[in-house]
Number of protein chains: 2
Amino acid sequence: MRIEQATIKDIAQELNISISTVSRALKDYPRISSNTKKKVKEVAERLNYRPNAVALSLRKSRSFTIGVIIPDVVHFFFSTVISGIEEVASSRGYNVILTQTNERFEREKSNINTMLGNQIDGFMISFSKETKDFEHFTKLLDRNYPIVFFDRVPDIENAVNVVVDDYQGAYDATTHLISQGYKKIIHLAGPKNLKICFERERGYRDALSAHGITIDESLILECPLGVPEESKKIVYDLFQELEIKPDAVFANNDMVAVGAMMACRELGFQIPKDIGIVGFSNWQICSILEPSLTSVYQPGFDIGVKATEILLDLIENKTSIDQIASPIVLKTELMIRNSSKRLF
Amino acid sequence: MRIEQATIKDIAQELNISISTVSRALKDYPRISSNTKKKVKEVAERLNYRPNAVALSLRKSRSFTIGVIIPDVVHFFFSTVISGIEEVASSRGYNVILTQTNERFEREKSNINTMLGNQIDGFMISFSKETKDFEHFTKLLDRNYPIVFFDRVPDIENAVNVVVDDYQGAYDATTHLISQGYKKIIHLAGPKNLKICFERERGYRDALSAHGITIDESLILECPLGVPEESKKIVYDLFQELEIKPDAVFANNDMVAVGAMMACRELGFQIPKDIGIVGFSNWQICSILEPSLTSVYQPGFDIGVKATEILLDLIENKTSIDQIASPIVLKTELMIRNSSKRLF
DNA sequence: CAAAATAATGCAAACGTTTGAATAGCCCTA
DNA sequence: TAGGGCTATTCAAACGTTTGCATTATTTTG
């Protein structure tokens, strides 16, 4: 039914030589006469020969494939990371197997297992929101299996982590709001078990303190789902409740910031005149919104690139875990737009 | 260095039986005594045995892996499709290898080639904007290689195509604008060699004709890049130029629609009062924009699901190409929002 | 011209499985 | 007690490569 791919054997048969000669001819071994090489390559070309990567994998116990495990493909940030991963991997001759966990712990474990069966050369992981236990990672790390974590990284020894400077990004964002004259700044936080969220909150807190503003815990609100509807309601309710209204929002991500914008609009507040808003991630939408949304740019593509480069270097033994200063922290950049520009 | 995975051989050695017995015991062959089965499974468990998928692939000439080739991961629509693909594939025990072409013809070809080497069981392809020649597809199809095309599909015999009803979506969108009293409707088109764009334009044209509006070719403008900046300029220039201003825009995608919105805003037109705008794709941003953007919903996830189901059925010989009524057309849905609601 | 040196090729094992065919026990029967 | 019929197990080939070692063919050397 399905037509067979030509193999090295077919070439050998056709030329009446041994398969080892063919193999060597194709790889330009010096010991093979240039005449044979020429003939072999001709036939290979003619039969449209492609080496069977599976056989190669088996022989070499290397698959030239890396496994990527992320919570959700449909997420601007992650898709930019994937793009970076794919770029580096393919340029260095590696394939990328992709699975998403949909934020489920069980799927994370089972995905890792099937990939292990597939003789993956290494993993790139950003773990799920449900993941609190890291044993499935440590078991692999103990066996010297190459893993690079990115964005959502675990707090375990010997893990190579590539992250964005969430703390500094949040610090800069908050400082920017303060410098624009905003004083009572809400923080819409994420789940604290995610380090990234924790760090963003810490940046917010430190920025306030550094500018002599006392931290009001009631202004720190958790938005666990991270969707606009949720944060809209939270902000709306808070404003109804408080007598002295806040004058700014620093949101843990752009979607949450958008919800805050919606709430403000419905409450009749002007952005940025009455309320300043800053998001996090710098999605495409930021520049499209009205007013455009100030946000902290996370270099997703670069994270993918950097993390993959390290992983491949580990796989190819060009470096070792103890030579890597983990975490690798990539710079964020505050993209100032209209939602927070009160002074000119 | 790296610790070895246990193999069937290790189990055999430990129990002093042959590897074939182990293999059969693990698969519950009836001829194996339940005693041996029990012992084998125990040892397998203890050694944390996982079958080597690579060896299996080689033996069976099947890799249980499908290759996905898309232009760009960082694209809301494609990422939803991927999500659907991943979902079905993983539930049916398949891996997904992902590559992007970045809209390059050469990368499309080379990606296909490396995947072929990896003994991929089948392909899911949405081709690049540069692709005009389909020989690299037909060569595979002639060899009975399972391929399912989605979204950007080629016009070749025997291809299985899964698409969205672009024509109907565009027709509905245009009809909606007409029903809201808009008369002079611009169409911001995409590159015509992409069937989807052609179909959208056709839907636009037919809707106008069906409502007795003569088509004004000067109102059909191509936006090849499909980014807001481009369409903004195009719309802005057109409005400057024309004496009798258009009163609506039907854009070939949401980003292009956003550009049109920006242009209108700068020109001082009110949306939807002066100008109605409809986009295509129904990205997340649509409901967030101010005014919210009417758009044609494309079921990306469902496309991924449907396309993958067909591909796997083809791979597993549960169906054959001539049993499939290609193209499979999935319904779109017009999501009416404020950008086009002039009547109440 | 025999032996040594060199060049070119071939053999066979290995990677981890599956699987058709062969074999080893064992009990039963005539 | 030879053979038949089971059951449980083993052998060995195959999937497509790579690669250390052996072999053959060719040339050089004394």
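Every chain is numbered from 1, with letters handed out A, B, ... down the list of sequences. Any value given below was found using the heavy atoms of this structure, including those in side chains, with hydrogens, waters and symmetry copies removed.
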With sequence neighbours excluded, residues passing ring pair (Phe, Tyr, Trp, His ring centres under 6.0 Å) with [X]:
X: A:Phe77; result: none
X: B:Tyr49; result: none
X: B:Tyr29; result: none
X: B:Phe64; result: B:Tyr94

For residues 9-22 of chain B, which residues have at least one heavy atom under 4.0 Å from DNA chain C?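 B:Lys9, B:Ile19, B:Ser20 - these, ordered by number, are the residues of the stretch whose heavy atoms sit under 4.0 Å from the strand.
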Please list, in numerical order, the residues of residues 32-50 of chain B that have a heavy atom closer than 4.0 Å to any atom of DNA chain C.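 Residues of residues 32-50 of chain B under 4.0 Å from DNA chain C: B:Tyr49, B:Arg50.
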Which one, [options], comes nearest to the side chain of [X]?
X: B:Arg31; options: D:dA8, D:dT10, D:dC15; value: D:dA8
X: A:Asn52; options: D:dT17, C:dT17, C:dT19; value: D:dT17
X: A:Arg24; options: D:dC21, D:dT10, C:dG16; value: D:dC21

Atom pair distance, as rounded to whole Å: [atom1] in [X] and [atom2] in [N]:
X: B:Phe64; N: C:dT17; atom1: CZ; atom2: C1'; result: 13 Å
X: A:Tyr29; N: C:dA7; atom1: OH; atom2: P; result: 17 Å
X: B:Leu58; N: D:dT17; atom1: CG; atom2: C1'; result: 8 Å
X: B:Leu56; N: C:dC15; atom1: CG; atom2: P; result: 17 Å
X: B:Leu26; N: C:dG16; atom1: CG; atom2: C1'; result: 13 Å
X: A:Ile8; N: C:dA12; atom1: CD1; atom2: P; result: 18 Å

Contact list (N/O, under 3.5 angstrom) for nucleotides 26-28 of chain D vs protein:
none

Using a heavy-atom cut-off of 4.0 Å across all strands, would you classify B:Ser61 as base, sugar-phosphate, or nothing?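 Touches nothing.
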Strictly under 6.0 Å, is that where the ring centroids of B:Phe127 and B:Phe134 end up?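 Centroid separation for B:Phe127 and B:Phe134: below 6.0 Å.
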Any residue meeting side-chain contact (heavy atoms from CB on, under 4.5 Å) with A:Arg50, in chain and number order, not counting sequence neighbours: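 side-chain contact (heavy atoms from CB on, under 4.5 Å) list for A:Arg50, sorted by chain: A:Gln5, A:Asn48, B:Asn113, B:Leu116.
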In chain order, what residues pass the side-chain contact (heavy atoms from CB on, under 4.5 Å) check against A:Lys38, with sequence neighbours excluded?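 In terms of side-chain contact (heavy atoms from CB on, under 4.5 Å), with neighbours along the sequence ignored, A:Lys38 is linked to A:Glu42.
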Considering residues at least two apart in sequence or located in another chain, which fulfil the side chain to side chain donor-acceptor pair (under 3.5 Å) criterion with [X]?
X: B:Glu130; result: B:Arg104
X: A:Asp10; result: none
X: B:Arg92; result: B:Asp313, B:Glu316

Checking the side chain of B:Asp72 only, and the main-chain atoms of B:His75 only, is there a donor and an acceptor separated by less than 3.5 Å?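 No; zero donor-acceptor contacts below 3.5 Å.
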Starting at the 5' end of DNA chain D and moving along, which residue's nearest nucleotide shows up first, A:Lys60 or B:Pro30?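 Residue closer to the 5' terminus by nearest nucleotide: B:Pro30.
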